[in-house]
Undergrad: 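Here's a structure for you.
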Amino acid sequence: MNGRIASGSARGARLLAGMGLGAVAARAAYVALTRRPPGLNGLPGEEVWDRTNHRGEPVTLLEGPALVAGAAAAGLLAPGATGRTRAAALLAGAASGILGGYDDLAGSASSRGFKGHLGALARGEVTSGAVKILGIGATGLAAAAIAGSPAPTRRGRAFDTVVNGAIVAGSANLMNLFDLRPGRAIKVGVITGTPLALARPSAAVVAAPLGAAAALLPEDLAERAMLGDTGSNALGALLGLAATRLGRGPRLAVLGGLVALNAASEFVSFTKVIAANPVLNRIDMLGRRPVAVPAPAAPADKPDMEDAFRPHVPPPGPAGNGVAVDPA
């Protein structure tokens with residue numbers, strides 16, 4: 001009994017240490033990045049990373065790179081993870097973040113969702129979203145292969161790699177679909193990540209990204225910053241990697257849920273579903289500023305940007321949109 005209590009206390013201490021490191025690293029990265037926003041192709045940093053929200057106020061996408069940097073640094077330093085797990089987490093978080101960043105900065109609204117991007121690819125048009133979809137899929141498989149599988153046979157290990165890779169990729173994309181309102185993606189990450197933090201096999205992976213996300217939540221809720229594809233893809237990928245440390249039965253259940261939700265997003269607006277449910281809507285609005293009065297309807301010859309978090313007018317220079325646009 002005393003041994004189990006001591007073991008549980010040690011796991012709790014490692015979890016808190018990982019979360020604390022993630023929080024400190026993410027805040028430090030955010031302060032550094034926003035103090036001197038990095039430019040791109042001769043454009044000043046503010047022009048590259050700033051967007052205008054529905055209130056006409058500036059928000060920065062640098063919250064996303066700060067989460068990626070914080071989770072990566074803390075993941076390498078946090079106690080409790082094996083070398084293979086650390087390497088898999090670094091690949092899953094960093095590569096998903098880089099691919100999301102490419103879509104943030106180079107993407108357009110010409111194609112949306114899996115159907116839109118893969119349909120464009122079938123016509124010979126390579127969109128930034130298609131690059132991200134294929135890249136995150138490959139990243140998920142690579143991270144799963146690095147993390148390894150306890151299966152005793154080669155066939156079992158191959159099966160686990162495919163399942164785990166799909167979980168990482170599906171989670172990365174799904175988290176991006178929630179980054180449509182202030183704080184929503186981080187709240188979803190904390191809610192889904194908490195059970196993983198309490199499970200011994202996955203706690204070491206999830207501690208750093210949860211700490212990083214929680215530390216950046218005030219900026220997100222205050223509408224000073226947003227995760228963008230960079231942060232939401234990375235957060236989702238790391239939560240997915242944590243879920244791959246569970247047993248085969250729970251993993252298959254997680255994969256089924258991810259497939260169902262990603263498929264549903266092609267036809268259903270998550271924002272409308274959340275708004276129609278009193279409990280979900282209360283959680284969604286918790287800590288947020290009051291909803292702004294809707295702007296007058298746009299003329300018919302202009303695109304409908306009804307989302308209250310994405311910018312209404314694309315800023316000068318490169319702008320990101322990606323596969324996370326709610327199909328409402």
Side-chain angles (χ1 to χ4, degrees), residues 4 7-8 10-12 14-15 17-19 22 68 71-72 74-100 114 132-176 189 192-210 212 233-263:
R4 287 198 297 269
S7 176
R11 288 199 303 271
R14 289 194 294 269
L15 175 64
M19 293 181 66
V68 174
L76 292 174
L77 298 174
T82 65
R84 290 174 68 96
T85 300
R86 292 182 199 275
L90 181 62
L91 175 62
S96 297
I98 290 170
L99 288 162
F114 279 108
K132 189 179 74 167
I133 289 171
L134 298 176
I136 289 180
T139 294
L141 288 173
I146 291 172
S149 161
T153 66
R154 180 178 298 179
R155 180 175 295 180
R157 290 190 293 272
F159 177 80
D160 281 348
T161 297
V162 172
V163 169
N164 294 350
I167 289 174
V168 173
S171 182
N173 186 71
L174 183 62
M175 189 61 67
N176 196 191
T192 58
T194 297
L196 294 172
L198 299 177
R200 184 173 61 181
S202 55
V205 178
V206 81
L210 276 187
N233 284 147
L235 178 59
L238 289 168
L239 291 175
L241 182 64
T244 67
R245 302 299 86 196
L246 302 174
R248 180 170 288 184
R251 279 187 287 126
L252 291 175
V254 168
L255 179 59
L258 289 171
V259 170
L261 288 172
N262 275 290

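None of the values given here were measured: they were computed from a predicted structure. Residue indices begin at 1 and follow the sequence shown.
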Undergrad: Can you see which heavy atom on Ala92 is nearest to which on Ala237, and at what distance?
TA: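 That closest heavy-atom pairing would be O-CB, 3.7 Å.
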Undergrad: Under the salt bridge (charged side-chain N to carboxylate O under 4.0 Å, His left out) rule, collect the residues that match up with Arg248, sequence neighbours excluded.
TA: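 With neighbours one apart ignored, the set is Asp160.
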Undergrad: Look up atom CG in Leu90 and atom CG in Leu238, then write down how far apart they are to the nearest 0.5 Å.
TA: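 Output value for this atom pair is 9.5 Å.
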Undergrad: Would you check if the side chain of Arg157 reaches a backbone N or O of Ala151 as a donor-acceptor pair within less than 3.5 Å?
TA: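 Yes, because the side chain of Arg157 sits within donor-acceptor range (under 3.5 Å) of the backbone of Ala151.
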Undergrad: Using only atom types and a distance under 3.5 Å, with no angle test, would you say the side chain of Asn164 pairs donor to acceptor with the backbone of Ala144?
TA: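 Absent.
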Undergrad: I need the Leu235 CG to Asn176 CG distance, nearest 0.5 Å.
TA: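 Rounded to the nearest 0.5 Å, the CG-CG separation comes to 10.5 Å.
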Undergrad: Hey, mind stepping through Thr139 and Val168 against side-chain contact (heavy atoms from CB on, under 4.5 Å) and telling me if it holds?
TA: CA-CA 8 Å; Thr139 294; Val168 173; 5.6 Å; no
Undergrad: Looking only at heavy atoms, which two atoms of Ala203 and Leu15 are closest? And how far apart?
TA: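 Scanning both residues completely, I find the closest heavy atoms to be O-CD1, 4.1 Å.
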Undergrad: Are side-chain heavy atoms of Leu246 and Leu196 found at a separation under 4.5 Å?
TA: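 They are in side-chain contact.
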Undergrad: Mind checking the OG-CG spacing from Ser202 to Leu241? Nearest 0.5 Å is all I need.
TA: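 Those atoms lie 10.0 Å apart.
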Undergrad: Hey, does the side chain of Arg86 reach the backbone of Leu76 with a donor-acceptor pair shorter than 3.5 angstrom?
TA: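 Checking the backbone N and O of Leu76 against the side chain of Arg86, a donor-acceptor pair under 3.5 Å is found.
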Undergrad: Can you tell me if Asn233 uses its side chain to pair, donor with acceptor, with the backbone of Gly97 under 3.5 Å?
TA: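 Looks like no, no N/O pair under 3.5 Å.
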Undergrad: Nearest 0.5 Å, please: how far is CG in Asn173 from CG in Leu258?
TA: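 Rounded to the nearest 0.5 Å, the CG-CG separation comes to 10.0 Å.
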Undergrad: Taking all non-hydrogen atoms of both residues, which atom of Ala234 and which atom of Val68 are closest, and how far apart?
TA: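 Nearest pair, atom of Ala234 first, then Val68: CB-CG2, 3.6 Å.
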Undergrad: Indicate the atoms forming the closest heavy-atom contact of Leu91 with Ala142, along with that distance.
TA: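 Shortest heavy-atom separation between Leu91 and Ala142 comes out as CD2-CB, 3.6 Å.
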